[in-house]
Amino acid sequence: MDVIEAIRARKSIRGYKPDPVPKEVLRKVLDTAIRSPSSLNTQPWEITVLAGEVLDSIKRGNIEKLASGTLPNPDIGGKPYEGVYRERQVGLAKQLFGLMGIAREDKEARARWMERGFRFFDAPAAIIISVDKSLGESYSMFDVGAISQTICLAALKHGLGTCIANQGVMYPEMVRRFTGVPESKRIVISIAIGYPDWDFPANKLESTREPVDNVTTWCGF
Ligand SMILES: Cc1cc2nc3c(=O)[nH]c(=O)nc-3n(C[C@H](O)[C@H](O)[C@H](O)COP(=O)(O)O)c2cc1C
């Protein structure tokens with residue numbers, strides 16, 4: 001698969017086979033991904049790979065927090081999307097719910113769908129990326145984005161699917177409790193990883209994009 005094919009083939013996978021991913025395979029993915037660029041080659045990413053009982057404990061912890069009504073308190077701030085961004089968010093949800101057969105008014109099914117995200121989509125492994133808090137949000141956030149996409153692309157070579165997901169780290173205290181990632185680190189993002197279950201309806205989703213001409217200004221041509 002060449003690089004263009006890989007970029008076009010990558011998509012968020014939200015349903016996985018239970019098969020474990022060998023540690024050696026995950027190591028190879030990461031060994032490639034750490035070739036990602038970073039600001040001044042600072043390589044701010046600190047990677048925690050989860051599987052087995054540790055991952056199960058975090059999944060359970062996340063779900064318990066959610067069920068108890070605890071408000072998420074991610075290490076990355078943000079505010080609700082508005083305007084065109086909100087429209088795109090709603091568009092994605094409509095596509096996903098359509099594929100999953102979840103009716104708009106079916107609050108119970110929507111809640112169950114949300115739980116899935118907090119369970120890393122039942123993936124057999126997950127990658128957590130943190131950065132030292134001394135870096136602030138700065139370009140380190142950009143660097144984490146770069147390595148995240150590279151992980152997703154490198155994973156394809158091994159038949160693995162991925163889903164970058166902030167849901168998995170919405171309760172960072174759960175990640176800290178079971179992995180020992182200290183308070184001095186900002187837990188930025190999770191990436192669910194595993195072998196895709198291609199029969200899972202949401203994996204059929206083809207997410208939309210604004211055409212290039214809507215997001216590009218050409219100067220000097
Ligand atoms: C920073 C970031 C956070 C994301 N968080 C979630 C998430 O919590 N749950 C989820 O289902 N997808 C999540 N996604 C996946 C996006 O919804 C997805 O990338 C987008 O809809 C485009 O679809 P595609 O990845 O299939 O091309 C996240 C993606 C990014 C880059």
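As the structure is a computational prediction, the values presented were derived from the model and not from experiment. For reference, positions follow the sequence shown, starting with 1.
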Peer 1: Linking Ile, Leu, Val, Met, Phe, Trp and Tyr through side-chain heavy atoms less than 4.5 Å apart, which residues share a cluster with L92?
Peer 2: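 Answer for L92: L96, F97, L99, M100, I102, W113, F200, L205.
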Peer 1: Quick one: are W45 and I34 in side-chain contact, heavy atoms under 4.5 Å?
Peer 2: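 Yes, at least one pair of side-chain atoms sits under 4.5 Å.
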Peer 1: Who are the side chain to side chain donor-acceptor pair (under 3.5 Å) partners of D197, not counting sequence neighbours?
Peer 2: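 With neighbours one apart ignored, the set is empty.
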Peer 1: Is there side-chain contact between K59 and M174, with at least one heavy-atom pair below 4.5 Å?
Peer 2: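 Side chain of K59 against side chain of M174, heavy atoms only: no contact under 4.5 Å found.
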Peer 1: May I ask you to list the residues sharing a hydrophobic cluster with I13, side-chain cutoff 4.5 Å, ordered by chain and number?
Peer 2: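 Y16, F121, W198, listed by chain and number.
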Peer 1: Can I get a per-line list of side-chain donor-acceptor pairs under 3.5 Å for residues 210-221, giving both atom names and the distance, sequence neighbours left out?
Peer 2:
from, atom 1, to, atom 2, distance (Å)
E210, OE1, N214, ND2, 2.8
T216, OG1, V212, O, 2.6

Peer 1: For atom NZ of K23, is the number of surrounding heavy atoms from other residues, nucleotides or ligands below 6.0 Å larger than 12?
Peer 2: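 Open: at most 12 neighbouring heavy atoms sit under 6.0 Å from NZ of K23.
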Peer 1: Under 4.5 Å between side-chain heavy atoms, hopping through other hydrophobics if needed: is there a path connecting I147 to I128?
Peer 2: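 No; tracing contacts between hydrophobic side chains, which count when under 4.5 Å, never links both residues.
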Peer 1: Mind running side chain to side chain contact (heavy atoms under 4.5 Å, CB included) on Q167 and M114 for me, showing each step along the way?
Peer 2: CA-CA 9 Å; Q167 281 176 302; M114 187 161 72; 3.7 Å; yes
Peer 1: Could you tell me whether a side-chain N or O of K11 sits under 3.5 Å from a main-chain N or O of N203, the two making a donor and an acceptor?
Peer 2: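 Such a contact is found between K11 side chain and N203 backbone.
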Peer 1: For a side chain to side chain contact (heavy atoms under 4.5 Å, CB included) check, start with the C-alpha distance between L66 and T70, then their side-chain angles and the critical distance, and finish with the verdict.
Peer 2: CA-CA 6 Å; L66 199 59; T70 309; over 6 Å; no
Peer 1: Is any side-chain heavy atom of L30 closer than 4.5 Å to a side-chain heavy atom of I127?
Peer 2: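 They are in contact (side-chain heavy atoms under 4.5 Å apart), so the answer is yes.
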Peer 1: Side chain to side chain contact (heavy atoms under 4.5 Å, CB included) between R110 and K107: does it pass, once the steps are laid out?
Peer 2: CA-CA 5 Å; R110 287 171 66 142; K107 284 197 177 141; 5.5 Å; no
Peer 1: Quick one: hydrophobic cluster around Y139, which other residues, with the 4.5 Å side-chain cut-off, linked directly or via members?
Peer 2: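 Members alongside Y139: F142.
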Peer 1: Got a sec, which residues hit side chain to side chain donor-acceptor pair (under 3.5 Å) with S148, two or more places apart in sequence or on another chain?
Peer 2: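 Result, side chain to side chain donor-acceptor pair (under 3.5 Å) vs S148: none returned.
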Peer 1: Identify whether L156 and Y195 are in the same connected component of the hydrophobic contact network (ILVMFWY, side-chain heavy atoms under 4.5 Å).
Peer 2: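 Per the 4.5 Å side-chain linkage, L156 and Y195 are not co-clustered.
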Peer 1: Please examine the side chains of P44 and S38, heavy atoms only from C-beta on, and report whether any two atoms are closer than 4.5 Å.
Peer 2: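 Contact flag for S38/P44 side chains = yes.
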Peer 1: Strictly distance-based, threshold 3.5 Å: is any side-chain N or O of R116 a donor or acceptor partner for the main-chain N or O of R14?
Peer 2: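 Yes, the answer is positive, given that a donor and an acceptor are paired below the 3.5 Å cut-off.
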Peer 1: Tell me the closest heavy-atom pair linking V181 and S130, and the distance in Å.
Peer 2: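 The pair with the smallest heavy-atom distance is CG1-OG, 4.0 Å.
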Peer 1: Flag yes if F120 and F178 sit in one hydrophobic cluster, no otherwise; membership is Ile, Leu, Val, Met, Phe, Trp, Tyr, and two members link when side-chain heavy atoms are under 4.5 Å apart.
Peer 2: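 Hydrophobic grouping puts F120 with F178.
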Peer 1: Salt bridge between E53 and R60, side-chain N to carboxylate O under 4.0 Å?
Peer 2: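 A salt bridge is present here (some side-chain N lies under 4.0 Å from a carboxylate O).
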Peer 1: Residues two or more places apart in sequence or in another chain: which of them pass salt bridge (Lys or Arg N to Asp or Glu O under 4.0 Å) with E5?
Peer 2: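 Here no residue qualifies.
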Peer 1: Can you sort out the partners of N41 under side chain to side chain donor-acceptor pair (under 3.5 Å), two or more places apart, ordered by chain and number?
Peer 2: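 Expected list: Q43.
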Peer 1: Can any side-chain N or O of T150 pair as donor or acceptor with the backbone N or O of S36 at less than 3.5 Å?
Peer 2: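 Such a contact is absent between T150 side chain and S36 backbone.
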Peer 1: Counting heavy atoms not belonging to K94, are there more than 12 under 6.0 Å from its NZ?
Peer 2: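 No, because the 6.0 Å sphere around NZ of K94 holds 12 heavy atoms or fewer from other groups.
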Peer 1: To the nearest 0.5 angstrom, please state how far the CD1 atom of I63 sits from the CD1 atom of I58.
Peer 2: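 If we round to the nearest 0.5 Å, I63:CD1 and I58:CD1 are 12.5 Å apart.
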Peer 1: So which heavy atom on P37 is nearest to which on A146, and how close?
Peer 2: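 Distance-wise, the nearest heavy atoms are O-CB, 3.9 Å.
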Peer 1: Would you compute the distance between atom SG of C163 and atom CZ of R10 and round it to the nearest 0.5 angstrom?
Peer 2: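 Rounded to the nearest 0.5 Å, the SG-CZ separation comes to 8.5 Å.
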Peer 1: Quick one: does T32's side chain have a donor or acceptor within less than 3.5 Å of a partner on K28's backbone?
Peer 2: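 At least one qualifying donor-acceptor pair exists.
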Peer 1: Would you call R176 and D75 a salt bridge, using N to O less than 4.0 angstrom?
Peer 2: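 Salt bridge present between R176 and D75.
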Peer 1: Locate the shortest heavy-atom distance separating G159 from P196; write the atom from each residue and the value.
Peer 2: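 Looking at all heavy atoms of both residues, the closest pair is O-CD, 3.4 Å.
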Peer 1: With sequence neighbours left out, write down each residue that passes side chain to side chain donor-acceptor pair (under 3.5 Å) with R86, or none if nothing qualifies.
Peer 2: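 Residues passing side chain to side chain donor-acceptor pair (under 3.5 Å) with R86: Q89.
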Peer 1: Is any side-chain heavy atom of L135 less than 4.5 Å from a side-chain heavy atom of R186?
Peer 2: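 They are not in side-chain contact.
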Peer 1: Rest of the hydrophobic cluster containing V84 (Ile/Leu/Val/Met/Phe/Trp/Tyr, side-chain heavy atoms under 4.5 Å)?
Peer 2: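 Members other than V84 - counting any ILVMFWY side chain reachable under 4.5 Å - are Y81, Y85.
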Peer 1: When I129 is tested against each of I151, I164, V169, I187 for side chain to side chain contact (heavy atoms under 4.5 Å, CB included), which residue passes?
Peer 2: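 Only match with I129 under side chain to side chain contact (heavy atoms under 4.5 Å, CB included): I151.
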Peer 1: Just by modelled atom types, is the K185 backbone N or O under 3.5 Å from a matching donor or acceptor in the D132 side chain?
Peer 2: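 It does not hold such a pair.
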Peer 1: Find the distance between CD1 (I47) and CD1 (I191) and round it off to the nearest 0.5 Å.
Peer 2: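 It comes to 8.5 Å.
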Peer 1: Going hydrophobic residue to hydrophobic residue with side-chain gaps under 4.5 angstrom, can you get from L55 over to F118?
Peer 2: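 Yes, L55 connects to F118 through the hydrophobic network.
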Peer 1: At their closest point, which heavy atom of S68 faces which heavy atom of K65, and how far apart are they?
Peer 2: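 Answer, listing the atom of S68 first, then K65: OG-O, 2.8 Å.
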Peer 1: Hydrophobic clustering (ILVMFWY, side-chain heavy atoms < 4.5 Å, transitive) - are I189 and Y171 grouped together?
Peer 2: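 Cluster IDs for Y171 and I189 differ.
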Peer 1: Residues in salt bridge (Lys or Arg N to Asp or Glu O under 4.0 Å) with R112, at least two apart?
Peer 2: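 Only E108 meet the salt bridge (Lys or Arg N to Asp or Glu O under 4.0 Å) criterion with R112.
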Peer 1: Give the C-alpha distance, both sets of side-chain angles, the deciding distance and a yes or no for side chain to side chain contact (heavy atoms under 4.5 Å, CB included) between V21 and H158.
Peer 2: CA-CA 10 Å; V21 186; H158 303 277; over 6 Å; no
Peer 1: Could you work out, with salt bridge (Lys or Arg N to Asp or Glu O under 4.0 Å) as the rule, every residue matching E87, not counting sequence neighbours?
Peer 2: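 Per chain and number, E87 pairs via salt bridge (Lys or Arg N to Asp or Glu O under 4.0 Å) with no residue.
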Peer 1: Under the 3.5 angstrom rule, does the side chain of Q95 hit a backbone N or O of E206 as a donor-acceptor pair?
Peer 2: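 Side chain of Q95 to backbone of E206: a pair is present.
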